[in-house]
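Beneath this line is the structure, given in structure tokens, with notes to follow.
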Amino acid sequence: MAQVTTVALKKMKASGEPITMLTAYDFPFAQMVDEAGVDIVLVGDSLGMVVLGYDSTLPVTQGDMLRHTAAVARGVERAMVVADMPFMTYQISPEQALENAGQLVKEAGAQAVKLEGGDPVLGTIRKIVDAGIPVMGHLGLTPQSIHQLGGYRVQGREKKAAERLKGEACALESAGCFSIVLEAIPSWLAKEVTESVSVPTIGIGAGPHCDGQVLVLHDVLGIFQEFKPKFVKRYTNLREGAVRALKEFVKEVREGEFPTAEYSYE
Ligand code: KIV
């Protein structure tokens, strides 16, 4: 089973084969996502919201990402493992960003890193790429800038903002990004961006014209139910099934039905 590489992803764009990406944050779910045939496993800083219970991605630390990326890397055989660089681990200086990206690759086993933003991070991206670490860009709704954006809302609706986003996508490609996530932008804009760059675009809330699609695993499986953006499709409701099973355990213990002889030692 060949491992997914940046070269393979570029070929998929060229041949029109859709790229699949899902997040994972731990060993068992990484195994399941890989077994399902997903091409890229993103250890997203959405970790902060769907696993650690914060109300944004901002509190996520480098330590959190190292631990969870390492767990995911141990569970994946085929997919490419991409680790998100958390807030304030790449904004201060390109040197510090390179050190932190290097840690995610060297210590945690990521094959690439993802960071958010356009023009302000171009020099940083070049620095990381020059060191041999593939970088995935992220434009549109960039959750680490939530306070500046004024909420989780669709980006690039106005002509000026759309033009800026298109320019930034081309600049990210020139800086060396092997792929770009487009989050919460109109479908027509995602289509134009996808057609104007030679690297694959991966959409989340960006419509059907991207080269690939990504969703947050805990949304897809119905585990995270605090809120549901329009673009989220729940493919199952694991939360409901899990709570039902756990209630059954509580009931059986309380009523003396568990453990029976089958689950006990003589
Ligand atoms: O953190 C994350 O899960 C992400 C995806 C939404 C693309 O960045």
Side-chain angles (χ1 to χ4, degrees), residues 9 18-26 29-30 33 38-62 64-69 71-72 76 79-91 101 104 108 110 112-118 121 125 134-146 149 151-156 165 169 172 177-185 190 193-194 199-207 210-221 223-224 226-234:
L9 294 170
I19 296 166
T20 54
M21 174 159 124
L22 282 174
T23 64
Y25 315 96
D26 61 22
F29 278 116
V33 168
V38 162
D39 302 306
I40 306 173
V41 180
L42 171 69
V43 191
D45 61 355
S46 49
L47 165 79
M49 298 176 81
V50 303
V51 173
L52 302 179
Y54 298 126
D55 62 3
S56 78
T57 59
L58 302 183
V60 175
T61 65
Q62 176 78 354
D64 292 332
M65 291 309 298
L66 286 171
R67 176 170 289 241
H68 286 272
T69 301
V72 167
V76 168
M80 171 187 281
V81 176
V82 179
D84 250 340
M85 297 195 70
F87 183 54
M88 280 300 134
T89 64
Y90 59 94
Q91 290 90 343
L104 289 165
V113 297
K114 175 167 84 59
L115 51 87
E116 297 181 6
V121 290
I125 291 171
V135 176
M136 180 179 269
H138 186 156
L139 292 174
L141 172 53
T142 46
Q144 290 177 15
S145 308
I146 191 64
L149 298 176
Y152 296 100
R153 54 177 65 153
V154 178
Q155 302 295 308
L165 194 143
L172 288 184
C177 282
F178 74 94
S179 171
I180 304 169
V181 166
L182 300 175
E183 179 163 355
I185 62 171
V193 172
T194 300
V199 295
T201 59
I202 316 280
I204 174 162
C210 297
D211 299 304
Q213 295 293 329
V214 56
L215 284 175
V216 168
L217 183 70
H218 288 48
D219 288 334
V220 170
L221 297 180
I223 298 172
F224 182 76
E226 301 294 308
F227 60 87
K228 182 183 156 320
K230 176 179 161 69
F231 57 75
V232 165
K233 178 169 177 183
R234 281 190 193 135

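Values below: all heavy atoms of this structure, side chains included; hydrogens, waters and symmetry mates excluded. Order of listing sets the numbers, starting from 1, for every ligand and every atom in it.
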Answer with side chain, backbone, both or neither: which part of T57 has a heavy atom less than 4.0 angstrom from an atom of ligand 1?
neither
At under 4.0 Å between heavy atoms, is it the side chain or the backbone of I202 that contacts ligand 1, or both, or neither?
neither
Over all atoms of both residues, closest heavy-atom pair of Y90 and M85:
CE2-O, 3.3 Å
What closest approach, in Å, do V72 and D26 show between heavy atoms, and which atom pair accounts for it?
CG2-N, 3.6 Å
Do side-chain atoms of T201 reach the backbone of I180 as a donor and acceptor pair under 3.5 angstrom?
no
Judged by atom type as modelled, is there a donor-acceptor pair below 3.5 Å linking the side chain of T23 to the main-chain atoms of L42?
no
Students should be able to answer this: which protein heavy-atom is nearest to atom 5 (C) of ligand 1, and at what distance?
L42 CD2, 3.7 Å
Side chain proximity check, L139 to E183, heavy atoms < 4.5 angstrom
no
Which distance, rounded to the nearest 0.5 Å, do you find between the [atom1] of [X] and the [atom2] of [Y]?
X    : Y    : atom1 : atom2 : result
K233 : D219 : NZ    : CG    : 14.0 Å
T57  : E116 : OG1   : CD    : 6.0 Å
L22  : Q213 : CG    : CD    : 11.0 Å

N/O to N/O below 3.5 Å, does that happen between [X] and ligand 1?
X    : result
D84  : yes
T23  : no
E183 : no

Should you measure from each heavy atom of [X], which atoms of ligand 1 turn up under 4.0 Å away?
X    : answer
H138 : 8 (O)
G44  : 1 (O), 2 (C), 3 (O)
I204 : 6 (C)
S46  : 1 (O), 2 (C), 3 (O)

Assess E116 for proximity to ligand 1: is some non-hydrogen atom of it under 4.0 Å away?
no
Is ligand 1 less than 4.0 angstrom away from at least one heavy atom of K114?
yes
